[in-house]
Amino acid sequence: MKIYNTLTKKKEEFVPIEEGKVRMYVCGPTVYNFIHIGNARPMIVFDTARRYMEYKGYEVNFVSNFTDVDDKIIKKSIEEGVPAEEISERYIQECKKDMAGMNVKPATTHPQATKEIQGMLDMIQVLMDKGFAYNVDGTVYFRTRKFEEYGKLSHKNLDDLRSGGRSLLVTGEDQKEDPLDFVLWKPKKEGEPFWESAWSDGRPGWHIECSVMSKKYLGDEIDIHAGGEDLVFPHHENEIAQSECANGKTFARYWMHNAFLNIDNRKMSKSLGNFFTVREISEKYDLQVLRFFMLSAHYRSPINFSQEIMESSKNALDRIITCVDSLKRIADAAEGGCTEAEHTKLAEMSAFRTKFEEAMDDDINTADAIAAVFELVKFANTEAVSGCSKAFAEAVRKEIIELCDILGLIVEKKEEVLDSDIEALIQERTAAKKAKNFARADEIRAQLLEMGIVLKDTREGVVWTRA
Ligand code: AMP
Ligand code: ZN
């Protein structure tokens, strides 16, 4: 399997540090609002990378953080007059709901910055002791000039960057030794959350959070570090500097970055105000459509969001769902095992899976993988028609479901729970209660809940709602 590595600007064969295991870290969102669909892109594409690696037999330790201490969170907490923690906890929960809707698997660990402060204090102290950090009036900076490899990820011309930032140093407006030095720890301002430290009562800089959480949950050296391409510089460059100077080891072997989700060819972002939240999209579409849309492009290609493209994604996904559904009906009506000819056809069908795997092995090319799924759908629509054996229709159906499942796409129609079935169960429950058979009554309530139906006993009788 090949992965494009931002560090070397090449597609490289993926070789894990430990055989059969992958240690992967994906920078997660800052939780001060509902996530927008730009934030959803790294979630979906790296969840798909994880699923594919799991399909290939790797055990993936997947860590993705929530940044829960930040200026924007503090600003929102002041606006609402509630503690910062209440804001971050609220939006972590909302983010998890969106992730579930998009069928993004929960990470092995979702660390939160505010719960890892001790690790940050420890790493900053190590950097101080080694001379990679300095304290000016309670603000601790990283000394970028001391790390010779600084800039290796972003391939930036550091001299240009330095000269751009020099004016502040000359006028004495900045206390840094070098324009590229960045904050590891900063003193609190009035009313802000803070932690005690040897340098000041304050809070960590953003970059140190990821270095520490990655170290704690995955170790000093990891296989893959990922995020959106806006994070290459300075965030990931700074993470490398901190981790490699503190730990004395290569931080991450492969760096993966997704391109932007644009709208009218500009990056979708909170600050530009040109965003749609995942929640807004979910009001109009099943979030599987959003996932399908994201995966129809390669993760390193920019994609432009529009209503039209969502409509065409919906239609395309529906073609797969309809095919799987009709295969089910064909299988239900048919009988028997595969004929000789069908066995040959199934052997031919394996070519689509090979194509799918070749695409995914080539730097997670989901666009080509989806094209292979559509070839399989075409095969299904021509070969698995009425008159075929039950075993053949089932095998074809299973193949489509399995390939889509690797992409995290659910293509089986959800069984509709009919109102009449619910009413019948409610009547049975009422009768059970009358007969003092409370065990059965409770059982029915639980059964309905599993079907997504919530019962409420009112004075007027039982009312039900869909959860
Ligand atoms: P943030 O909450 O801004 O730190 O972003 C969380 C993640 O979403 C990071 O990996 C960003 O790079 C990514 N991201 C933010 N906006 C976009 C966008 N428009 N397209 C793709 N990725 C984005
Ligand atoms: Zn990060």
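Just so you know, ligand 1 is whichever comes first in the structure, and atom 1 is the first atom listed for that ligand. Side chains included, hydrogens not; waters and symmetry mates left out as well; all remaining heavy atoms used. Note that the structure is predicted; figures quoted are calculated from it, not measured.
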| 4.5 Å side-chain heavy-atom contact, Met256 and Ile224 | yes
| Are any of the N/O atoms in Gly227 less than 3.5 Å from those in ligand 1? | no
| query | Which atoms of ligand 1 have any heavy atom of Leu231 under 4.0 Å away? | reply | 9 (C), 10 (O), 12 (O)
| message | Any nitrogen or oxygen of Gly228, side chain or backbone, less than 3.5 Å from one on ligand 1? | response | yes
| In terms of atom number and element, which parts of ligand 1 are under 4.0 angstrom from non-hydrogen atoms of Asp230? | 11 (C), 12 (O)
| said: Whether Asp98 and Arg279 form a salt bridge (side-chain N of Lys/Arg under 4.0 Å from carboxylate O of Asp/Glu) is what I want to check. | reply: yes
| task | Side-chain contact test, heavy atoms from C-beta onward, threshold under 4.5 Å: evaluate it for Arg291 versus Leu409 and give yes or no. | result | yes
| field | His225 versus Glu239, side-chain donor and acceptor atoms under 3.5 Å | value | yes
| remark: atom 20 (N) of ligand 1: closest protein heavy atom, distance to 0.1 Å, is Leu261 N, 2.8 Å
| query | When you check the side-chain N and O atoms of Glu116 and Tyr217, is any donor under 3.5 Å from an acceptor? | reply | yes
| What do you reckon, are the aromatic ring centroids of Tyr141 and Phe182 less than 6.0 Å apart? | no
| field | Protein contact to atom 19 (N) of ligand 1 [nearest heavy atom, distance to 0.1 Å] | value | Met268 O, 2.8 Å
| request: Would you kindly specify which portion of Val26 sits under 4.0 Å from ligand 1, judged on non-hydrogen atoms: side chain, backbone, both or neither? | output: neither
| With a cut-off of 4.0 Å, which atoms of ligand 1 are near a heavy atom of Asn258? | 21 (C), 22 (N)
| request: To 10°, measure the OE2(Glu239)-the Zn ion (ligand 2)-SG(Cys27) angle for me. | output: 100°
| Flag for Asp361-Tyr52: side-chain donor and acceptor within less than 3.5 Å | yes
| Heteroatom distance test (Gly38, ligand 1): nitrogen or oxygen, under 3.5 angstrom | yes
| message | Closer than 4.0 Å to some heavy atom of Thr30 - which atoms of ligand 1 meet that? | response | 2 (O), 4 (O)
| request: Give a yes/no on ligand 1: does His36 have at least one heavy atom closer than 4.0 angstrom to it? | output: yes
| field | Numbered atoms of ligand 1 (with element) below 4.0 Å of Ala259, judged on heavy atoms | value | 21 (C)
| query | Hey, is there an N, O or S on Cys210 sitting under 2.8 Å from the Zn ion (ligand 2)? | reply | yes
| task | May I ask you to check if ligand 1 and Glu229 share an N or O to N or O distance below 3.5 Å? | result | no
| message | Ring centroids only, cut at 6.0 angstrom: are Tyr58 and Phe14 within range, meaning strictly under it? | response | yes
| Which residue owns the protein heavy atom closest to atom 1 (P) of ligand 1, what's the atom, and how far is it? | Asn39 ND2, 4.0 Å
| query | Are the charged groups of Arg397 and Glu412 less than 4.0 angstrom apart, N to O? | reply | yes
| query | Does a donor on one side chain sit under 3.5 Å from an acceptor on the other, for Gln112 and Glu85? | reply | no
| field | Cationic tip of Lys314 above Tyr285 ring, under 6.0 Å, 45° of axis | value | no
| query | Any N or O of Pro42 that comes nearer than 3.5 Å to an N or O of ligand 1? | reply | no
| said: Does only the side chain of Lys270 get under 4.0 Å from ligand 1, or the backbone, or both, or neither? Count heavy atoms. | reply: neither
